[in-house]
Every structure is written in structure tokens, then in C-alpha cells.
Peer 1: 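Just passing along the structure, written as C-alpha cells.
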Amino acid sequence: MNILLVGSGGREHALAWKIAASPLVKRFVAAPGNPGMAAQCELRDVAATDVEALVVLAHEIAADLVVIGPESAVAVGLADALRAARIPCFGPTAQAGQLESSKAFTKAFCDRHGLPTSAYAVCESADAAKAALDRFEPPYVIKADGLAAGKGVVIAPQRAEAEAAIDDAFGGRFGAAGARVVIEEFLEGEIGSLFALCDGKTSMLFGWAQDHKRVFDGEQGPNTGGMGTYSPAPVFTPELVEQVRTRLVEPAFAGIADDGAPYRGVLFVELMATKHGPKLVEFNVRFGDPECQVLMLRLESDLVPYLMACAEGRLAEMPEPTWRDEAAICVVLAAKGYPGTPVAGGAIHGADADFGPDVAVFHAGTTCDADGMLRAAGGRVLNVCARAATLREAKEKAYAAVAKIDFADGFCRTDIGWRALERA
């Protein structure tokens, strides 16, 4: 098979690493890719949102399958264009993609189809949003409606902070994503991430993980796109998994099909395990980042047949995926200043060292300059991942690898996996 992978972050590098291991792959191209992905595939300098150029590239390489990595490519309708060109595609249409690209859409979707979620208010102005705070108790959850790279959520302990977050959103901090704001009830419980595949008709659970959103140790500081993750997560008991499947996953796929947009791809269900059962925090219409990284380390099965089955409507033919018994962990190395304005251009040494068969370093925000020096080019820069028989051993391997990477402008959390380790 000839495969085109769209995207350039840590999620896409993890997908590239797993796809490249498949014996089914003949030619493998990524657009635009990143320096780390060059070890697995050809790179083409085509932006993930350049729909016309990506369709041309898919034709050029006679792609048997296009795999869409980032939500930005979903939102601009890449899947729609590929299907119009009769090119098999793993990824939902822009209409189905509204499950991520608009939080207001998703809240209304939950109301229509009976999915459990938090109480909410959708606000079109700062004054309306501040007035709506009267309907909620602190802490207040303030969300930009659109795509904000995982940084559009503020949990404000006090009303003054909530009002400041509202002013930030409507003041342009998140661009068009903040032109509308959703205020939500704060949910008490433990958060988790579950993934499911769908081919438009049939669905299949495809792993779960738990991530760390706050930037600093001890769940302190602002929210980020994710500072680390691990799998399996003890919060996902068999009972919880079954509840998520029946109350969230299957109703979501059935509902979006009823709305005229059958879902083909992966759905990321971020949920809160509350005393009243699982409640939806948000949907994402792609593999999580950095959740994808630990899932790929634990996935024993060949990924490619599952991607192709989703694209071609054959998921019912596929067996349940096989997962390694080991635990996996991902530690995010970020540039200082993240999630605000990260320090750009910092030199990185040692990321390509041989850390052993159970350690993988995925590039999330890197570039190479003219003399081949690897440099930081984003907020989250590297994902240092490891697997082992236990989560504690995997954590030791990952942080040992982190210690060997010389990135003076970088930082990471030191407590990834603490919830599961405390339980153990």
C-alpha cells in the first residue's frame, strides 16, 4: 500500500512509527512531517490545511489511504475533498468534525441525543458570559468555543478570574476560536481519555489512557495540550469502559449519523468519571496528543488494517485489537514559556540517541537548521516515551532518557503517572 499521513506533531510521529512497522506498507509519505519522522517516511512540505495540494499529492503518490492526523485538517474539510476524489481516507468530514471544532455544537448535540455531560451556557458576548456566571458555582469552567490547540480552557477558582478569562477570550486571545464562549458546570471526579474507531456504521473501542493537562507538577498552573500521559489507566475499570461505550460512544456515532454525517475515523472521548457515572468533558475527532503516543507503544496489532477498514466501511470484519500487557508512559519536553509564549530556537542534543528497544522519542515541535542542528519550534517539543512491565519501571526508563537529552530551554513535569502510582 501507498500511504499519505497528514500532520507534523508528536501524534503524527507516533502514527508514523507504527504505520512504518506494517508489512503492508510499500510507499509512505508524510506532509508536512517533522525531522523525527524522516526516519520512517518521505517528507513533503505541504501544510496540513492545504486541501487542494494534499489531494494533488495523494494522486501523485497513488495513495491507497490518507490518514488525517490533526483536527485542523478535519475542520477545513480534507476528508470531504479526498472522498470526492475517491481516495480512501481515515478521518471524519468537516460536518462530523464539529464535535471538536465547536464546543457549542457538541453541547447541543448531547442535548439532542441524550449524552451525559455538564450543565452549560453558550455566550456570544463578554457581558452575557459574565451574567451567565450567576448560574454556576465556583470553580468556573470557561471554554473558547473553537479550536485553540488545547489551551482554550480556563478553570477559575474565583469569579474575578472567570471574568478575566472571559475578557481574554472575547479580547482575541484565541482568535476566532474565542468569538463565542461556553461556560460549564465543574465536574467532580477523575478524568480519562477513551478512543473508539468507526467506519460510518460499526464501531470498536480502541484503547484508553490518562493525561496530565496542567503545566506544572501537582496539577498546578494553566491548562495545556497535555504534559504527559500513561496507559493503561486504573480509572478505566471494566464497568466504566462499558458505561462509556453504551452511554457516550455508541450514542455519539449513532447521533452524528442521524444528523447526516456518518463518522469514519477515530473519536477521542474525554470524560469525567463522576459518582453518577461517566460524563462527557469533550470530544476530539482525532487521536489524542500525547495519548496516541502511549497507545501506539502498547498496540500489538498492525495498525494499518484498522485504518483501512474504517476508510472502506469494513470494520465489522476486524478482530478486536491486541494490546501488550506492558504499561506505557509519555513525558512531554516543552519549551520554557509554554503554554504562553514558548522560547523558540533552542538547540537540542541527544534526542536521536539509542535509548533501547522500549524507549521512543517522538518529535512534537522541532526543526533542523541548515547545519543539521535540531532546534525547538513549538511549545511541546519532544515526547519521551517508554514501556515496561509496570508503570513505575516505564516511568524510570522515560525519565532516564529525558536526563540524557540536552535541551537547555526545555522543561517537563516530573510526576507523570502519579495518580496510578499512588493507587499502587
Peer 1: Donor-acceptor pair, distance only, cut-off 3.5 Å: does the side chain of H212 make one with the backbone of G417?
Peer 2: yes
Peer 1: Is there a donor-acceptor contact under 3.5 Å from the side chain of R44 to the main chain of V29?
Peer 2: no
Peer 1: Report yes if some heavy atom in the side chain of L271 is under 4.5 Å from a heavy atom in the side chain of L280; otherwise report no.
Peer 2: no
Peer 1: Looking only at atom types and distance, does a side-chain atom of T224 sit under 3.5 Å from a main-chain N or O of K213, one as donor and one as acceptor?
Peer 2: yes
Peer 1: Give, for atom CG of L65 and atom SG of C89, the distance between the pair rounded to the nearest 0.5 Å.
Peer 2: 7.5 Å
Peer 1: Let me confirm one number: the NZ-OG1 distance from K336 to T341, rounded to the nearest 0.5 Å.
Peer 2: 15.5 Å
Peer 1: Looking only at the side chains, is there a donor atom on one of S8 and N34 sitting less than 3.5 Å from an acceptor on the other?
Peer 2: no
Peer 1: Working note: W418 + D217, criterion side-chain contact (heavy atoms from CB on, under 4.5 Å); need CA distance, chi angles, decisive distance, verdict.
Peer 2: CA-CA 10 Å; W418 69 265; D217 284 14; over 6 Å; no
Peer 1: Just wondering, more than 12 heavy atoms not from R392 lying within 6.0 Å of its CZ?
Peer 2: no
Peer 1: Quick check for you: to the nearest 0.5 Å, what is the distance between I3 atom CD1 and K26 atom NZ?
Peer 2: 12.5 Å
Peer 1: Checking side-chain contact (heavy atoms from CB on, under 4.5 Å) for the pair F411/L333: CA distance, chi angles, key distance, verdict?
Peer 2: CA-CA 6 Å; F411 75 99; L333 268 174; over 6 Å; no
Peer 1: With a 4.0 Å cut-off on N to O distance, would you call K275 and E188 a salt bridge?
Peer 2: no
Peer 1: Are more than 12 heavy atoms from other residues, nucleotides or ligands located less than 6.0 Å from atom CD of E239?
Peer 2: no
Peer 1: Give the minimum heavy-atom separation between I416 and I329, together with the two atoms involved.
Peer 2: O-CD1, 3.6 Å
Peer 1: For a quick test of reading the model, state the closest non-hydrogen atom pair linking A58 to V66 and the distance between them.
Peer 2: CB-CG2, 4.0 Å
Peer 1: Using the rule given for side-chain contact (heavy atoms from CB on, under 4.5 Å), can you reason through V122 versus D145, listing the C-alpha separation, both sets of side-chain angles and the distance that settles it, and then say yes or no?
Peer 2: CA-CA 9 Å; V122 177; D145 176 55; 5.9 Å; no
Peer 1: Between D64 and N2 (side chain of the first, backbone of the second, donor and acceptor by atom type, cut-off under 3.5 Å), is there such a pair?
Peer 2: yes
Peer 1: Report yes or no: does Q220 contribute a side-chain atom to a donor-acceptor pair with the main-chain N or O of G218 at less than 3.5 Å?
Peer 2: yes
Peer 1: A side-chain contact here means heavy atoms from C-beta on lying under 4.5 Å apart; do Y230 and R419 qualify?
Peer 2: yes
Peer 1: Side chains of V181 and F174, heavy atoms from C-beta outward: is any pair under 4.5 Å?
Peer 2: no
Peer 1: Taking NZ, NE, NH1 and NH2 as the nitrogens, is one of them in R11 or E71 under 4.0 Å from a carboxylate oxygen of the other?
Peer 2: yes
Peer 1: Are side-chain N/O atoms of S22 and D302 paired as donor and acceptor at under 3.5 Å?
Peer 2: yes
Peer 1: Nearest 0.5 Å please: distance from the CG atom of L4 over to the NE2 atom of H59.
Peer 2: 11.5 Å
Peer 1: On a heavy-atom basis, which atom in V6 and which in A73 lie closest, and how many Å separate them?
Peer 2: CG1-CB, 4.3 Å
Peer 1: Please work out whether the ring planes of F253 and Y263 are parallel, tilted or perpendicular, with thresholds of 30° and 60°.
Peer 2: tilted
Peer 1: When you measure from the side chain of R380 to the backbone of G225, do you find a donor-acceptor pair of N or O atoms at a distance under 3.5 Å?
Peer 2: yes
Peer 1: Counting neighbours of CD on E219 that are heavy atoms of other residues, nucleotides or ligands and sit closer than 6.0 Å, is the number greater than 12?
Peer 2: yes
Peer 1: If you look at every heavy atom in S231 and R298, which pair is closest and at what distance?
Peer 2: OG-NH1, 3.1 Å
Peer 1: Which heavy-atom pair separates A233 from A209 by the least distance, and what is that distance?
Peer 2: CB-C, 4.1 Å
Peer 1: Heavy-atom distance under 4.5 Å between the side chains of P116 and L248, does that happen here?
Peer 2: yes
Peer 1: If we check side chain to side chain contact (heavy atoms under 4.5 Å, CB included) with F362, which of these qualifies: V332, L382, D289, L297?
Peer 2: L297
Peer 1: Which pair of heavy atoms, one from E100 and one from T106, lies closest together, and at what distance?
Peer 2: N-OG1, 4.4 Å
Peer 1: Are E184 and K279 close enough for a salt bridge, meaning some N to O gap below 4.0 Å?
Peer 2: no
Peer 1: Nearest 0.5 Å please: distance from the CD1 atom of I142 over to the CG atom of L133.
Peer 2: 5.0 Å
Peer 1: Less than 4.0 angstrom from a charged side-chain N to a carboxylate O is my criterion; do E163 and R159 meet it?
Peer 2: yes
Peer 1: So, E250 and R245, do they make that salt bridge, N to O below 4.0 Å?
Peer 2: yes
Peer 1: Between D409 (side chain) and G345 (backbone), is there a donor-acceptor pair under 3.5 Å?
Peer 2: no
Peer 1: So, R264 side chain and A311 main chain: donor-acceptor pair closer than 3.5 Å or not?
Peer 2: no
Peer 1: Looking only at atom types and distance, does a side-chain atom of D168 sit under 3.5 Å from a main-chain N or O of R173, one as donor and one as acceptor?
Peer 2: no
Peer 1: Measure the shortest side-chain to side-chain distance between Y338 and M227 over non-hydrogen atoms and say whether it is less than 4.5 angstrom.
Peer 2: yes
Peer 1: Answer yes or no: is there a side-chain heavy-atom contact under 4.5 Å between L5 and C41?
Peer 2: no
Peer 1: Evaluate L15 against C292 for side-chain contact (heavy atoms from CB on, under 4.5 Å), listing each step before the verdict.
Peer 2: CA-CA 8 Å; L15 290 171; C292 181; 3.8 Å; yes
Peer 1: Would you please test R387 and D358 for salt bridge (charged side-chain N to carboxylate O under 4.0 Å, His left out) and show each step?
Peer 2: CA-CA 5 Å; R387 66 186 172 213; D358 294 322; 3.3 Å; yes
Peer 1: Looking at Q210, is its backbone amide N or carbonyl O close enough to the side chain of T229 to form a donor-acceptor pair, meaning the two atoms are under 3.5 Å apart?
Peer 2: yes
Peer 1: Quick one, V67 and F287 - any side-chain contact, counting heavy atoms below 4.5 Å?
Peer 2: no
Peer 1: Report the distance from atom CD of E270 to atom CD of E291, rounding to the nearest 0.5 Å.
Peer 2: 7.0 Å
Peer 1: With a 4.5 Å cut-off on side-chain heavy atoms, are E137 and E185 touching?
Peer 2: no
Peer 1: Applying the side-chain hydrogen bond (donor to acceptor under 3.5 Å, both in side chains) criterion to H13, which one of Q293, H363, K18, Q40 satisfies it?
Peer 2: Q40
